[in-house]
Amino acid sequence: MTIIDTALHDSLRALKLSGMLTTLDARLGQARAGELGHLEFLQVLCHDEITRRETMGIQRRLRRARFEAHVTLEEFDFHASPKLPAATIRDLAALRWLHAGESIVLYGPVGVGKSHVAQALGHLAIRHGADVRFTKTSRALADLAGGHADHTWPRRLAELARPDLLILDDFGMRELTAPQADDLYELISERTQTGRSLITTSNRSPVDWYPLFPNAVVAESLLDRLINTSHQIFMNGPSYRPNKRPRSVADDKKKTTE
């Protein structure tokens, strides 16, 4: 390595251009071999740095999202059930709903892949630069409830309201208390007013959510904001989850006698 090469390495390190630094020797080799002109050399180095920053940004947003699993729509087996609205789900991959600040409701029986699709759409949104959070609805409500106790409720609400996309998994699992309904109302209202998207997954149809609220006025106001401005996707079919039934002693005995 020449003095000039060493100085260039030091400069790139000082400027925190590690993407350029990582590929510099390879690019210099291409330039010396006549494969890259002066402008091409600089352009390729810049592209290396941009690629590194984009990759790091995606990894950082994936960590912040707190997904239960890193899954994609490409991995989802739409052939598992012919009843699944595959064309509709694939259309959501265009993310027009996200750019328009619209929401999605994925509902249907247990195990049909609602959480997979929700997280896959979140993963796709991250790859397109969006900030995403994933949480169980019960966990979000518990977090907000803790804010009332230690006077951090505004900060906790802001953390859930801030992301471009919030995914509330297992929405409408059980009846809500009055404080929970009020917290959920504030969260949905805040996100609606700022045009930020929401994905909810639920085992219940949206029309069955109303009785879960102790106050009919709160329910009507909240669900009007959520249901009437969302893409409602009914997912039906056999369970998408693998059969993990534990083997019984009878199964083992049957296997040994076969």
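Because only heavy atoms are used, hydrogens play no part in the values below, and waters and symmetry mates are left out as well, while side chains stay in. Note that the coordinates shown come from a computational prediction; the quantities given were computed from them, not determined experimentally.
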* Asked: Which atoms form the tightest heavy-atom contact between P206 and V105, and what is the distance?
  -> CG-CG1, 3.9 Å

* **Side-chain heavy-atom pair L73, L121 within 4.5 angstrom cut-off** => yes

* Asked: How many angstroms lie between atom OG1 of T201 and atom NE2 of H116, to the nearest 0.5 angstrom?
  -> 13.0 Å

* Side chain to side chain, P163 and R191, heavy atoms closer than 4.5 Å -> yes

* Would you call R66-E159 a salt bridge at under 4.0 Å N-O? -> no

* Measure the shortest side-chain to side-chain distance between R63 and Q59 over non-hydrogen atoms and say whether it is less than 4.5 angstrom. => yes

* For G122 and V132, work out which heavy atoms get closest and say how close. => O-CG2, 3.7 Å

* When rounded to the nearest 0.5 angstrom, what distance separates OG in S103 from CD1 in I188? -> 7.5 Å

* To do: Tell me yes or no: between the side chains of R196 and T194, is some donor less than 3.5 Å from an acceptor?
  => yes

* **Whether over 12 other heavy atoms sit under 6.0 Å from H70 NE2** => yes

* Under 6.0 Å from the CD atom of E35, do we count more than 12 heavy atoms belonging to anything else shown? -> yes

* To do: Answer yes or no: is there an ion pair linking D169 with K114, defined by an N-O contact shorter than 4.0 Å?
  => no

* List the atom of N236, the atom of P109, and the distance in Å for their closest heavy-atom pair. => OD1-CG, 3.5 Å

* Report, as yes or no, whether the 6.0 Å neighbourhood of atom CD on Q43 holds more than 12 heavy atoms from other residues, nucleotides or ligands. => no

* Is R174 atom CZ crowded by more than 12 heavy atoms from other residues, nucleotides or ligands, each under 6.0 Å away? -> no

* Asked: Hey, is R156 close enough to D150 for a salt bridge, meaning N to O under 4.0 Å?
  -> yes

* Asked: If you look at every heavy atom in V218 and A181, which pair is closest and at what distance?
  -> CG1-O, 4.0 Å

* Minimum heavy-atom distance T72-A120, with the two atoms named -> C-CB, 3.5 Å

* So do the side chains of H123 and V71 get within less than 4.5 Å of each other, counting heavy atoms only? -> no

* To do: Compare all side-chain heavy atoms of R225 with those of Y185 and state whether any distance is below 4.5 angstrom.
  => yes

* Look up atom CG in L168 and atom CG in L160, then write down how far apart they are to the nearest 0.5 Å. => 8.0 Å

* Got D48 and T22 here, is their nearest side-chain heavy-atom distance under 4.5 Å? -> no

* Pairwise distance CH2(W153) to CG(D143) - rounded to 0.5 angstrom -> 11.5 Å

* Between R64 and D131, is there a salt bridge with N-O shorter than 4.0 Å? -> yes

* To do: Could you tell me how the ring of Y107 sits relative to the ring of F234: parallel (under 30°), tilted (30 to 60°) or perpendicular (over 60°)?
  => tilted

* M173 versus D170, closest heavy-atom pair with distance -> CG-O, 3.1 Å

* Asked: Rounded to the nearest 0.5 Å, how far does CD1 of I58 lie from NE2 of H128?
  -> 9.5 Å

* To do: Using the test ring-ring contact (aromatic ring centres under 6.0 Å, His included), find all partners of F171 that sit at least two apart in sequence or belong to another chain.
  => W209

* **Nearest-0.5 Å distance, CG of residue L84 to CD1 of residue I233** => 11.5 Å

